[in-house]
Participant: 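Pasting a structure here, questions to come.
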Amino acid sequence: MKILVDADACPVKEIIVRAAKKYEKEVLMVCDVAHQLFYEEPFVTVKTVDKGADSADLVLANLAQKQDLCVTSDYGLATLFLTKGSVVLHPNGFFLRQRHH
């Protein structure tokens, strides 16, 4: 399990890094060139993508795997994560789940 972060507008990046360190999990933060991020922690990788509509979302959706923890406030991206079997956490602390009819 790794932690994928939609990092462009995520207000809890530092909390995610602290939790990942505590639980020894790998973190991948994806942002566009308008949001420069740098972390010295060896378990945190930052992938910077071109600025454009949904460019970070597409990278994240393609990298997500079953059981990854994916942090996003974007409901469209959350839907893509859920279809892959990922666990989706909103930055406000609640889990997003698929609705079953």
Side-chain angles (χ1 to χ4, degrees):
M1 180 198 99
K2 64 186 172 297
I3 303 169
L4 301 177
V5 182
D6 183 5
D8 282 339
C10 182
V12 294
K13 291 185 282 286
E14 301 308 319
I15 294 170
I16 293 167
V17 171
R18 284 196 308 268
K21 182 176 183 177
K22 179 178 179 180
Y23 294 103
E24 300 179 348
K25 299 297 178 187
E26 175 188 346
V27 177
L28 173 62
M29 296 200 187
V30 179
C31 62
D32 67 34
V33 294
H35 302 89
Q36 295 296 318
L37 297 176
F38 178 77
Y39 289 92
E40 292 182 6
E41 293 82 354
F43 56 90
V44 178
T45 302
V46 175
K47 182 166 182 64
T48 305
V49 298
D50 288 335
K51 190 170 174 73
D54 301 323
S55 58
D57 294 355
L58 294 173
V59 169
L60 285 161
N62 285 324
L63 292 173
Q65 297 178 359
K66 188 173 184 171
Q67 299 303 316
D68 284 344
L69 176 61
C70 301
V71 182
T72 187
S73 59
D74 181 320
Y75 292 105
L77 180 56
T79 300
L80 296 173
F81 287 146
L82 290 169
T83 61
K84 290 190 141 192
S86 301
V87 176
V88 182
L89 179 64
H90 189 280
N92 287 345
F94 58 88
F95 288 96
L96 299 169
R97 305 189 194 292
Q98 289 180 329
R99 289 183 54 170
H100 299 283
H101 299 286

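Predicted, not measured: the structure shown is a model, and the values here were computed from it.
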Participant: A side-chain contact here means heavy atoms from C-beta on lying under 4.5 Å apart; do Val71 and Pro91 qualify?
Facilitator: yes
Participant: Do Lys2 and Phe43 have side chains that approach each other closer than 4.5 Å (heavy atoms only, starting at C-beta)?
Facilitator: no
Participant: How close do Lys84 and Ala61 get, counting heavy atoms only, and between which atoms?
Facilitator: NZ-O, 2.7 Å
Participant: Examine Val87 and Leu77 and state if one hydrophobic cluster contains both, with Ile, Leu, Val, Met, Phe, Trp and Tyr joined whenever side-chain heavy atoms are less than 4.5 Å apart.
Facilitator: no
Participant: Applying side chain to side chain contact (heavy atoms under 4.5 Å, CB included) to Phe81 and Asp68, what does each step give before you reach the verdict?
Facilitator: CA-CA 9 Å; Phe81 287 146; Asp68 284 344; over 6 Å; no
Participant: When you group the ILVMFWY residues by side-chain heavy-atom contacts below 4.5 Å and let the links chain together, are Val44 and Leu89 in the same group?
Facilitator: yes
Participant: Check residues 15-38 and write down every donor-acceptor pair under 3.5 Å in which the side-chain atom is one partner and the other belongs to a residue at least two apart or another chain.
Facilitator:
residue, atom, partner, partner atom, Å
Asp32, OD1, Ala34, N, 2.9
Asp32, OD1, His35, ND1, 3.1
His35, ND1, Asp8, OD1, 3.3
His35, NE2, Asp8, O, 3.3
Gln36, NE2, Val33, O, 2.9

Participant: Any side-chain heavy-atom pair from Gln98 and Thr83 closer than 4.5 angstrom?
Facilitator: yes
Participant: Hey, what do you get for CG (Leu80) to CG (Asp57), rounding to the nearest 0.5 Å?
Facilitator: 8.0 Å
Participant: Is Leu4 reachable from Val88 through a run of I, L, V, M, F, W or Y residues, each pair having side-chain heavy atoms under 4.5 Å apart?
Facilitator: yes
Participant: Hey, any chance Leu82 and Leu63 share a hydrophobic cluster, counting ILVMFWY side chains that come within less than 4.5 Å of each other, even indirectly?
Facilitator: yes
Participant: Would you say Phe94 ends up clustered with Ile3 if hydrophobic residues are merged whenever their side chains have heavy atoms under 4.5 Å apart, either directly or through other cluster members?
Facilitator: no
Participant: Could you tell me whether a side-chain N or O of Ser86 sits under 3.5 Å from a main-chain N or O of Gln65, the two making a donor and an acceptor?
Facilitator: yes
Participant: Please name the pair of heavy atoms, one in Ala78 and one in Leu96, separated by the smallest distance, quoted to 0.1 Å.
Facilitator: CB-CD1, 3.7 Å
Participant: Only pairs under 3.5 Å count here: list side-chain donor-acceptor contacts from residues 47-56, not counting sequence neighbours, and write none if there are none.
Facilitator:
residue, atom, partner, partner atom, Å
Ser55, OG, Asp50, O, 2.5
Ser55, OG, Gly52, O, 3.3

